[in-house]
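The next block holds one structure in the form of structure tokens; read it before the comments.
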Amino acid sequence: MSDPFDLVEHVPEGPADTPAMAPAPAMGADLNAEQRAAVEAVDGPVLVLAGAGTGKTRVLTTRLAHILATDRAKPWQVLAVTFTNKAAREMRERVGRLLGCSVDGWWVSTFHASAARMLRAHAERVGLQPNFTILDTDDQLRLIKQLLEARNVDAKRTPPRLFLGIISRWKDRGLTPEQVTDAEGADAADGQALVLYRAYQERLKALNAVDFGDLLLHGLTLFREAPDVLERYQRQFRYLLVDEYQDTNVAQYLWLRALAQVHRNICCVGDDDQSIYSWRGAEVGNILRFEHDFPGAKVVRLECNYRSTPNILAAASALIAHNKSRLGKTLWTERTDGEPIIVRGVWDGEDEARTVVERIETLRAGGHRLGEMAILVRAGFQTREFEERMMAVGMPYRIVGGARFYERQEIRDAIAYFRIVAQPADDLAFERIVNVPKRGLGPATVQNVHRLSRADGVPLSLAARRLVETDELKPQARASLRRLMDAIDRWRGGMTTMAHPDLARLILDESGYTEMWQRDASPEAAGRLENLKELIGAIAEFDTLGGFLEHISLVMDNDEAAEGDRVTVMTLHAAKGLEFDSVFLPGWEEGVFPNQRALDEGKDAALEEERRLAYVGLTRARKRAFVTYAANRIVFGYWKPAQASRFITELPADAIVAQAAAGLTRPTHAAIVDVRTELAVAAGFRTGGPVGRAPMIEGTAVRVAPRPEPRHTFAAGQRVFYQKFGYGVVVGVDGDLLKIDFEKAGTKTVIHSFVDTVG
DNA sequence: TCCCTCCTTGTTTTT
DNA sequence: CAAGGAGGGA
């Protein structure tokens, strides 16, 4: 399969594609009764309600294998969709292993990838060209900014993000601008949002571009406007498998429903208790609608948990039982072993990081692998303190998420170069690179190109080409723009004559982009050049530049190989679907988790989603969980007293052990009615004043946890080592803070306790 | 045209 | 407290 744009028409149908598979009876012989029921109920609609750790992926993959093994369908007649790239990858691997064959070209992928694949094949039916560009959030925002500017909307009062959010939610619900009701349209941002939505869609079409939401939305339009196409897919896909069904939004639901109409063999696997993406348009209601839209659907519950100890299950079950809106499942296990969950109060975030990392160190000393431990946080900002602590003590760790590979500046720049070469009409790419590196083509020149582009109704790159033939530009800008446009033409020629990795390198070299970073003296420059090299390497794995661009626009996650034995740090959202022996759950405080926004909304729905997130966190643990909450937390740069999370009070007393740091009162759950207040008062507050200033103490039973003693004394001129920036010389001392002139990283201010003396 | 400084704003979560 | 954007000055 060489061209990812061209799939449907050429799916091989011969026997060569039939995998050499194990005989059917052997398939999944070790499943339990419910799992087996879910696997073998192949015909007709099936809804599998699968609790955490009940073998849901196993059921899905076995079911797929079973369908093929019993010859009910050929591989290309099964559509299996998941939500994340990670899950899709895993399913492909497991199915491949199960059947002992390659799954290349099969319809086993994410919703977005499947929808994109169909859309590529029938782009013209919805007014697109097959090589349309898929925009990411960054592109979308810039586009919206431009539209707002053009309409003289004050970007300060109404931030572009807000509009993007509204438009995305509409798309999640499968609504084109025409389908948004007048009432709702008038309501959103005083009616401006709907006007903007229309303009935005027009602009996208002109750019031959789509955003993520469009992949599904245009997919629906395609099905509506081209019944022949829909019918063909309906007939093709005899079996549909859907993973993480609770995360589907309305558009995805409608898309599935349309496809399932003919054969009605659709199997959705999900867990309403793990629905944590409603903010992104996911509709738990889809689970309820399923039985309504597919009457007679068989419902299978998987409740036997194979992952966690009884204590962990008891805690998770008790917690989630506080949610009102749920279908209700009871997880059980045959196991009897297990440690209690430790719930520990700490002084502040720093204390929390120290405590958690110490515990990790103890486990490691006891022979546990770091790769089996994870710190799961509510929000990204919480990772910082753990990162600093682990860096300071030399604990190997990896942060999942954060600045992802394809979102880094240098990667996005490079990709913009490739895009403008492969897709001449890609105005966004043109704008991104026209003056990067600086070549004297500032806003004034770009304005000129824009004007001509609008007047002639042609893409920016074509307008630029025409502009250099006129004398409208100053000689310098004109020469510079001509050089750039000549180069782009040359690179386009290279697409047919050169190997594409070579072409990619040539583009980066000739454009001066590589040189720009080589000349850059900042400490990140070396890493950026490294990343660019890696990018070229990634390109080499694809057959065409176009294929690569398709891949990266859909697969934006970096599966950085987790080499070595490391602690994983990530958000609870990112942890869904994973499991670890030991799970650390910090920041269980009101306002952090459940987070402030959920509390502000004051609605049950938001709070219940937070609780589901807590449930997801606990159920990631196989053997032990460690929950912490701090008495004091820095919020927006100011100390605030914190209350233990209500979720802590919802854990059953007999499954946990309560602990507290010195100076803090140990929580006694069973007896205290409102543990939260009790804890907060007993703990004492450190309030007021910006960070760094001496804390003010309120309350009575207060003891301030001692700050860690500096391990060394420092003076100007002292040569030092700091893990993050390397070697340097102290140039100033200010209390806890050291100003250090680093050899590689320049002058930085760091906290003394992480700095080591040298020599 | 570019750079610097001041000021605002924000903290979920991701295909 | 951070980072990112806007605005002003060289």
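- Rounded to whole Å, the distance from CD on A:Gln252 to P on B:dT15 is 12 Å.
- Here the closest heavy-atom approach between residue A:Gly617 and residue A:Leu572 is recorded as CA-CD2, 3.5 Å.
- We find that CG of A:Asp172 is positioned 15 Å from P of B:dT14, with the value rounded to whole Å.
- A stacking contact between A:Tyr277 and B:dT14 is absent: the pair does not combine a ring-centre distance of less than 5.5 Å to the base's six-membered ring with planes differing by less than 30°.
- Taking the centre of each ring, A:Tyr277 and A:Trp279 come in below the 6.0 Å mark.
- Scanning for salt bridge (charged side-chain N to carboxylate O under 4.0 Å, His left out) contacts around A:Arg142 gives A:Asp139, with sequence neighbours left out.
- We find the CG-NZ distance between A:Leu481 and A:Lys474 to be 14.0 Å, quoted to the nearest 0.5 Å.
- Listed pair A:Thr571 / B:dT14 meets the phosphate criterion, a side-chain N or O lying under 4.0 Å from OP1 or OP2.
- Look at CZ on A:Arg612: it is 18 Å from P on B:dT13, rounded to the nearest Å.
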So which protein nitrogen or oxygen atoms get under 3.5 Å of nucleotides 8-10 of chain C's nitrogens or oxygens?
none

Contacts under 3.5 angstrom, residues 380-387 of chain A side chains, donor-acceptor by atom type, not counting sequence neighbours:
{"from": "A:Gln382", "atom 1": "OE1", "to": "A:Arg378", "atom 2": "N", "distance (Å)": "2.8"}
{"from": "A:Gln382", "atom 1": "OE1", "to": "A:Ala379", "atom 2": "N", "distance (Å)": "2.9"}
{"from": "A:Thr383", "atom 1": "OG1", "to": "A:Gly380", "atom 2": "O", "distance (Å)": "2.9"}
{"from": "A:Arg384", "atom 1": "NE", "to": "A:Glu388", "atom 2": "OE2", "distance (Å)": "3.2"}
{"from": "A:Glu385", "atom 1": "OE2", "to": "A:Glu350", "atom 2": "N", "distance (Å)": "3.3"}
{"from": "A:Glu387", "atom 1": "OE2", "to": "A:Tyr397", "atom 2": "OH", "distance (Å)": "3.2"}

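- Comparing atom distances between the A:Trp279 side chain and each of B:dT1, B:dT14, C:dG5 picks out B:dT14 as nearest.
- Looking at residues two or more places apart in sequence or on another chain, you find a side chain to side chain donor-acceptor pair (under 3.5 Å) between A:Asn323 and A:Arg611.
- As judged by a 4.0 angstrom heavy-atom cut-off over every strand, A:Gly213 is placed among residues making no nucleic acid contact.
- Contact detail for A:Glu283 and A:Val250: the closest heavy-atom pair is CG-CG2, 3.6 Å.
- You'll find that the side chain of A:Thr110 is closest to B:dT15, out of B:dT14, B:dT15, B:dT13.
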Expected rows: protein N/O vs nucleotides 3-8 of chain B N/O, under 3.5 Å:
none

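- If you measure from atom CZ of A:Phe381 to atom P of B:dT13, you get 9 Å, rounded to the nearest angstrom.
- Between A:Asn85 atom CG and B:dT15 atom P the separation is 6 Å, expressed in whole Å.
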Show the numbers, then the answer: is there a side-chain contact (heavy atoms from CB on, under 4.5 Å) between A:Arg173 and A:Asn249?
-> CA-CA 7 Å; A:Arg173 288 163 54 204; A:Asn249 60 34; over 6 Å; no
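- Rounded to whole angstrom, the span from the CZ atom of A:Arg384 across to the C1' atom of C:dA3 amounts to 13 Å.
- Residue A:Leu578 contributes atom CG, which lies 15 Å from atom C1' of B:dT14 at whole-angstrom precision.
- Between the CD atom of A:Gln246 and the P atom of B:dT13 there is a distance of 20 Å, given to the nearest Å.
- The side chain of A:Phe212 lies closest to B:dT15 when the candidates are B:dT15, B:dT14, B:dC2.
- Residue A:Phe111 is out of contact with every strand shown, counting any heavy-atom pair closer than 4.0 Å.
- For A:Thr619, there are no side chain to side chain donor-acceptor pair (under 3.5 Å) partners, not counting sequence neighbours.
- The local environment of CD in A:Gln476 is sparse, with at most 12 non-hydrogen atoms from other residues, nucleotides or ligands closer than 6.0 Å.
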